[in-house]
Amino acid sequence: MITTVNLPKQLRSALQGARQQNQRIGFVPTMGNLHAGHIALVKEAQRHCDVVVVSIFVNPLQFNNSSDLDSYPRTLEEDLAALSKAGADLAFIPNAEVLYPNGLALETKVNVPGISTMLEGALRPGHFEGVSTVVCKLFNLVQPNVAVFGEKDFQQLALIRKMTADLLLPIEIIGLATVREPDGLAMSSRNTRLSSQQRLQAPQLAQQMQLIARQLNHNNVPQLQAQTIQQLELQGFRCDGIDIVDANTLEPITSQSTTAVVLMAAFLGEVRLIDNCVVELS
Ligand code: PAF
């Protein structure tokens with residue numbers, strides 16, 4: 001079974017040997033409820049490092065809505081079994097008092113300007129500040145050489161890359177392609193909250209995204225957006241952001257843009273699903 005630690009000093013002593021031997025430490029931050037997508041992140045970290053640390057912490061600072069926080073699935077026993085099977089070396093499972101000793105309101109926050117308030121950040125005020133703050137704290141505690149994040153959270157990955165560069169953190173950030181179910185649905189801990197009917201509808205989100213990817217050019221963004229929203233709403237989704245932007249700036253596409261990203265966010269019932277894909281513009 002994987003070694004688990006809850007406190008910073010336990011984490012430091014568990015990693016002391018690896019550091020003394022100059023081993024490379026890889027880090028995968030998670031909120032638990034692990035699925036094959038998370039395990040792929042662990043495997044990627046193993047490809048680059050000698051020791052892999054996975055954190056499990058459902059971060060209250062990044063939830064805008066307390067019912068979403070309360071209903072976030074917590075499956076620690078299964079998570080630890082999956083991490084053991086994957087050969088991860090250490091699970092760091094802090095509680096909120098460890099990460100936010102002053103309480104959420106009085107903590108110092110890490111604010112990444114621009115990225116954190118656009119697109120998804122505009123829809124979920126405070127969300128990205130919560131992500132950058134907790135990831136910065138976790139980076140400081142684990143002090144990894146490499147950290148691996150899923151590309152499924154495209155804007156989150158851009159946020160972490162900018163934070164790491166701006167704060168001069170000596171950590172290599174690796175993004176890993178989204179892992180999908182056989183029917184194309186992007187893997188997510190939220191998928192388990194879909195009813196069986198919603199689970200059948202859910203792959204439409206990826207299908208509509210692929211349709212955009214096939215048709216997209218510099219001049220048809222508003223038209224594709226409107227068409228996609230109409231289709232998804234007909235299929236029972238409530239769209240929460242269908243954005244097609246420059247993949248490098250996250251700003252609207254201009255005639256200079258070479259790469260676009262299609263960012264999809266839509267509710268099925270109470271469950272908010274997201275997906276994205278990058279499209280080369282010719
Ligand atoms: O992607 C996630 O699961 C979370 O946003 C992260 C990076 C673990 C921070 O809480």
Side-chain angles (χ1 to χ4, degrees), residues 11 26-42 44-45 52-66 68-76 78-80 82-83 86 88 90-100 104 107 109-112 115-116 119-121 123-142 144 146-164 167 169 171-179 186-193 263 265 271-276:
L11 176 70
F27 180 43
V28 179
T30 80
M31 298 206 296
N33 196 232
L34 305 182
H35 50 66
H38 294 107
I39 300 305
L41 302 179
V42 171
E44 182 66 11
V52 173
V53 182
V54 178
S55 63
I56 299 178
F57 178 64
V58 182
N59 174 30
L61 200 61
Q62 70 187 78
F63 285 80
N64 328 73
N65 161 334
S66 61
D68 203 18
L69 172 63
D70 294 341
S71 63
Y72 201 85
R74 287 151 171 96
T75 53
L76 188 57
E78 291 88 336
D79 293 348
L80 294 177
L83 291 177
L90 189 64
F92 177 45
I93 314 170
N95 64 21
E97 287 71 43
V98 166
L99 289 185
Y100 300 114
L104 296 187
E107 282 293 320
K109 310 281 176 1
V110 177
N111 176 26
V112 181
I115 294 182
S116 60
L119 300 167
E120 178 115 4
L123 298 172
R124 303 176 69 189
H127 167 71
F128 282 122
E129 187 179 71
V131 173
S132 44
T133 300
V134 81
V135 171
C136 187
K137 283 173 183 260
L138 291 166
F139 278 1
N140 286 333
L141 290 169
V142 177
V146 169
V148 187
F149 293 83
E151 285 177 358
K152 173 167 167 272
D153 296 296
F154 188 90
Q155 196 174 347
Q156 169 172 285
L157 180 56
L159 175 97
I160 302 294
R161 285 193 195 284
K162 179 166 166 58
M163 176 191 79
T164 306
L167 296 182
L169 302 177
I171 301 171
E172 183 189 350
I173 306 297
I174 295 181
L176 192 72
T178 303
V179 180
M187 285 197 185
S188 164
S189 302
R190 288 165 198 255
N191 295 353
T192 54
R193 290 169 50 203
L263 297 164
V271 184
R272 187 171 187 273
L273 299 174
I274 61 169
D275 206 344
N276 72 77

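None of these values were measured; they are calculated from a predicted model. Throughout, residue positions are numbered sequentially from 1 according to the sequence presented. In each ligand, atom 1 is the first atom listed, and ligand 1 is the first ligand listed.
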Using atom types as modelled and distance alone, determine if a side-chain donor or acceptor of T133 lies under 3.5 Å from a backbone N or O of G130.
no

Between the CZ atom in F63 and the NE2 atom in H127, the distance rounded to the nearest 0.5 Å is 8.5 Å

Return yes if some donor-acceptor pair links the side-chain N/O of S189 with the main-chain N/O of N33 below 3.5 Å, else return no.
yes

Ligand 1 versus T30: contacting region, heavy-atom distance under 4.0 Å:
backbone

Considering only heavy atoms, which of K152, M31, H38 lies nearest to atom 3 (O) of ligand 1?
M31

Residue pairs passing the side chain to side chain donor-acceptor pair (under 3.5 Å) test where at least one lies in residues 55-64, sequence neighbours excluded
N59-Q62, N59-Y100, N64-R124

Quick note on ligand 1: atoms under 4.0 Å from a heavy atom of V134 include exactly 9 (C), 10 (O)

Could you list which atoms of ligand 1 come closer than 4.0 Å to a heavy atom of Q156?
1 (O), 2 (C), 4 (C), 5 (O), 7 (C)

Is there a polar contact, in the sense of an N or O pair closer than 3.5 Å, between Q62 and ligand 1?
yes

State which residues pass side-chain hydrogen bond (donor to acceptor under 3.5 Å, both in side chains) with K152; sequence neighbours excluded, sorted by chain then number.
none

